[in-house]
K.L.:
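The structure under discussion is supplied below as structure tokens; questions concerning it will follow.
Chain letters run A, B, ... following the sequence lines, proteins first and then strands; every chain starts at 1. Remember, it's a predicted structure, so these values are computed and weren't measured experimentally. Basis for what follows: all heavy atoms, side chains included, without hydrogens, waters or symmetry-related copies.
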Number of protein chains: 2
Amino acid sequence: MAPVSRRGLLGGGAVAAGLAGLGAFAATEALAGDADGSTSADDLAYPFRGTHQAGIVTPAQDRLHFAAFDVITDDRDELIALLTAWTEAAERMTRGAGAGPIGPTQGAADLPPDDTGEAIGLPPSGLTLTFGFGPGLFTDARGRDRFGIAERRPAALEELPHFPGDQLIASRSGGDLCVQACAQDPQVAVHAIRNLARIGFGTVSVRWSQLGFGRTSTTSTSQSTPRNLFGFKDGTANVKAEETDALSEHVWVQDGDDLAAGWLTGGSYLVARRINMTIETWDRQPLADQEGFIGRTKDTGAPLSGGGEFTAPDFEMPGSDGTVIPATAHVRVVHPDNNAGARMLRRGYNFVDGTDDLGGLNAGLFFIAYVRDPRTGFIPVQTAMARHDALMEYLKVTGSALFAVPPGVGEGEYVGQSLFA
Amino acid sequence: MAPVSRRGLLGGGAVAAGLAGLGAFAATEALAGDADGSTSADDLAYPFRGTHQAGIVTPAQDRLHFAAFDVITDDRDELIALLTAWTEAAERMTRGAGAGPIGPTQGAADLPPDDTGEAIGLPPSGLTLTFGFGPGLFTDARGRDRFGIAERRPAALEELPHFPGDQLIASRSGGDLCVQACAQDPQVAVHAIRNLARIGFGTVSVRWSQLGFGRTSTTSTSQSTPRNLFGFKDGTANVKAEETDALSEHVWVQDGDDLAAGWLTGGSYLVARRINMTIETWDRQPLADQEGFIGRTKDTGAPLSGGGEFTAPDFEMPGSDGTVIPATAHVRVVHPDNNAGARMLRRGYNFVDGTDDLGGLNAGLFFIAYVRDPRTGFIPVQTAMARHDALMEYLKVTGSALFAVPPGVGEGEYVGQSLFA
């Protein structure tokens, strides 16, 4: 039976069919239209296959559902079968079709539908699905090489060290596999994660998952810089999709980076950190103090040393208390000039998970960054931040995970195939 | 100092100014435009003041942040001062301005800003803020009349009874005050709740809060019916804004309904129920079983007795097992014809709050309904559902609350003023 397009069910026409052959980068512009000829952000469809996985340099969508999984089988073939099934489902869902070939409302009445149905009628909404492999996939907690891939484990794929300020919750950290679902519509992102979890029933179980409602990063120069829950612009200095050289230097694993893990060439590392903000305490700080903690103005996002949002900060400019940009300002502590040139591609989201036991918002930043090597690209910067950054007084890291993100999926391949080939 | 428009900060022009004089109903169409003349759903602004509170018959926005508060003062004047401050802030924020008169980036450097800033540059996004009073505001847990209003307590404002299937979590239930924030952009809804909580610091504390990402109800005939996380259309038979007579009969408290609580005339009652769905179990049920539990087809939402989505169900149509629509089908159990004509205005949202301890999605429906009298409009229907509805096997109610929703706020008034006058 032919795939059932979600839009097709409502007569919206075949959207995004035939996109698979286009490169990921070309998809940064609207490619799909309604039957009436209009286009909107929701009609956007990104091809699942390409040189790199989508969802990294893709212009950051507005909504996130991120899930980490434990693999509960020791059978290599079952794991490969899951990755194959996930690849097929991901390709379908990212073009706006159902998770399975039959769809949510067709097929035998005495069988469960192969799609759960809550996204019927919704457009592709720019959905991307990005898959990663955690350290435990290579060597589990008991040191076992469950899937015969331990010797191909990337040297950089170690659990992150404990940083000052970490108050990690085990059930919000780690994982053997991860899927980052980003879309303009949260119902579409949730639908994708739910159906991938359903496909994995018996092979994987969800370890944790996180929704994010507001992107905090800009991954393309076509996007304006959004604000985090401190009320400040975030991600101004992010590596952008248009910076091809910087992506090669800071984001994509290069040939020869890790001789034991050549399968990861063209991939990346995904760092996930659930960073709770003490919102209520922050909100009682004077404006000048808030700006001093960040090192930028709250209004335009310009560095305190002057100019506009994209002006380079002048860390030497003298001020009444040493320098205009304080020694502990976030922008100084994490700046590439002060971290051996390290840059990341950040892709974080604001979250609010209800209320904590003290009546404060359980809220903050679900930080996601893609780096070529976390040992140089993330850990030193995070260490500096944990030690020196004035913001740390208002942050509590409650979740943490690291994943190796395999390269893009070619025609006829499944995600991560180079690891198992 | 003049109010700072969020859009004004980015040069977007004064949006939604001068709307206050329009009736709430007129605002169901787009009223605000960008400076360049274009309009979008995000530019929508609803007036805060009117005959009824906005956020009830307003066409259901896509996103929700709902908060319940405990009042931590015993001082009547402090409570009134809070309601006055909330009214001013709500009026500002619903037109797209900051929470306070100074704004997030102006004013003295040595004072905290009077707005937290994360919504700078965002349009009004159709924000509505709807306020309610819980039973504890009138008589607290120790039986005290803290604010001199016990004798004006509506007879129907009692904590809801325990229903079969309730597994309530105290920290997700109840509350002295509530605020329902609905908007097209979750960052705008979150910003509103956060700033109201901030204004209430020392007078109220947040008891619980809930985000919802996908509306499940249709409150205007102009909207298409969305889907809940069972994958089915939800809210087909909802009371709609256009049904003036039905609103008077089923939603708005009428003059004479409660002689002790005449202040509530023109208001309503808000029932909130956090209904967890056992998603993974549901997803393993055959399509025909799912449709039998609901009594409608999954595809078009038509009753199993035939026709289209809006065709009336034929509960007598004979089928192979008695009737085509099973005896325990949801559509039958809750139908007005089987519940003494009771109808509600539903305004629920899908939620996913990460993962539960067993690796399932902590997900479901945050049910919100507005009724003229919960004793006739909600409790009997919920009792029938808890006893007979096939869906109950897949539901677990983890939160519950009831609030009296005062009428709309007139010029120069604060929300709920009729209760204290």
K.L.:
Between A/Thr355 and B/Ser209, is there a donor-acceptor pair closer than 3.5 Å when you use the side chain of the first and the backbone of the second?
P.N.:
yes
K.L.:
Please tell me if the side chains of A/Arg284 and B/Phe201 come closer than 4.5 Å, counting only heavy atoms from C-beta onward.
P.N.:
yes
K.L.:
I'd like to know which of A/Pro286, A/Gly231, A/Gly117 tops the heavy-atom pair count under 4.5 Å against chain B.
P.N.:
A/Pro286
K.L.:
Out of A/Phe66, A/Trp208, A/Phe213, which one racks up the most heavy-atom pairs below 4.5 Å with chain B?
P.N.:
A/Phe213
K.L.:
Between A/Asp356 and chain B, which part of the residue has a heavy atom less than 4.5 Å away: side chain, backbone, both or neither?
P.N.:
neither
K.L.:
Please classify the contact between A/Gln290 and chain B as side chain, backbone, both or neither, with a heavy-atom cut-off of under 4.5 Å.
P.N.:
side chain
K.L.:
Would you mind checking which part of A/Arg63 comes under 4.5 Å of any heavy atom in chain B, side chain (CB onward), backbone (N, CA, C, O), both or neither?
P.N.:
side chain
K.L.:
For the side chain of B/Gln285 and the backbone of A/Leu111, is there at least one donor-acceptor N/O pair under 3.5 Å apart?
P.N.:
no
K.L.:
Heavy-atom pairs under 4.5 Å with chain B - which of A/Ile279, A/Leu361, A/Leu358 has more of them than the others?
P.N.:
A/Ile279
K.L.:
Any donor and acceptor pair, going by atom type alone, linking the side chain of B/Lys298 with main-chain N or O of A/Pro113 inside 3.5 Å?
P.N.:
no
K.L.:
Quick check on A/Thr116 against chain B: is it the side chain, the backbone, both or neither that has a heavy atom closer than 4.5 Å?
P.N.:
both
K.L.:
Rounded at 0.5 Å granularity, tell me how far CZ in A/Arg227 sits from CG in B/Leu122.
P.N.:
8.5 Å
K.L.:
Looking at A/Gly354, A/Ala288, A/Pro186, which has the largest count of heavy-atom pairs under 4.5 Å with chain B?
P.N.:
A/Pro186
K.L.:
Can you tell me how far the CG atom of A/Asp110 sits from the CG atom of B/Asp289, to the nearest 0.5 Å?
P.N.:
9.0 Å
K.L.:
Counting only N and O atoms by type, is there a donor-acceptor contact under 3.5 Å from the side chain of A/Arg194 to the main-chain atoms of B/Leu229?
P.N.:
yes
K.L.:
Is the closest side-chain heavy-atom distance between A/Glu118 and B/Asn350 below 4.5 Å?
P.N.:
no
K.L.:
Using a cut-off of under 4.5 Å on heavy-atom pairs, state which of A/Asp70, A/Asp353, A/Val190 scores highest against chain B.
P.N.:
A/Val190
K.L.:
Within the distance-only criterion (no hydrogens, no angle test), does the side chain of B/Arg198 pair as donor or acceptor with the backbone N or O of A/Asp283 below 3.5 angstrom?
P.N.:
yes
K.L.:
Among B/Asp62, B/Val206, B/Asn228, which has the most heavy-atom pairs under 4.5 Å with chain A?
P.N.:
B/Val206
K.L.:
Is it the side chain or the backbone of A/Val352 that comes within 4.5 Å of chain B heavy atoms, both, or neither?
P.N.:
both
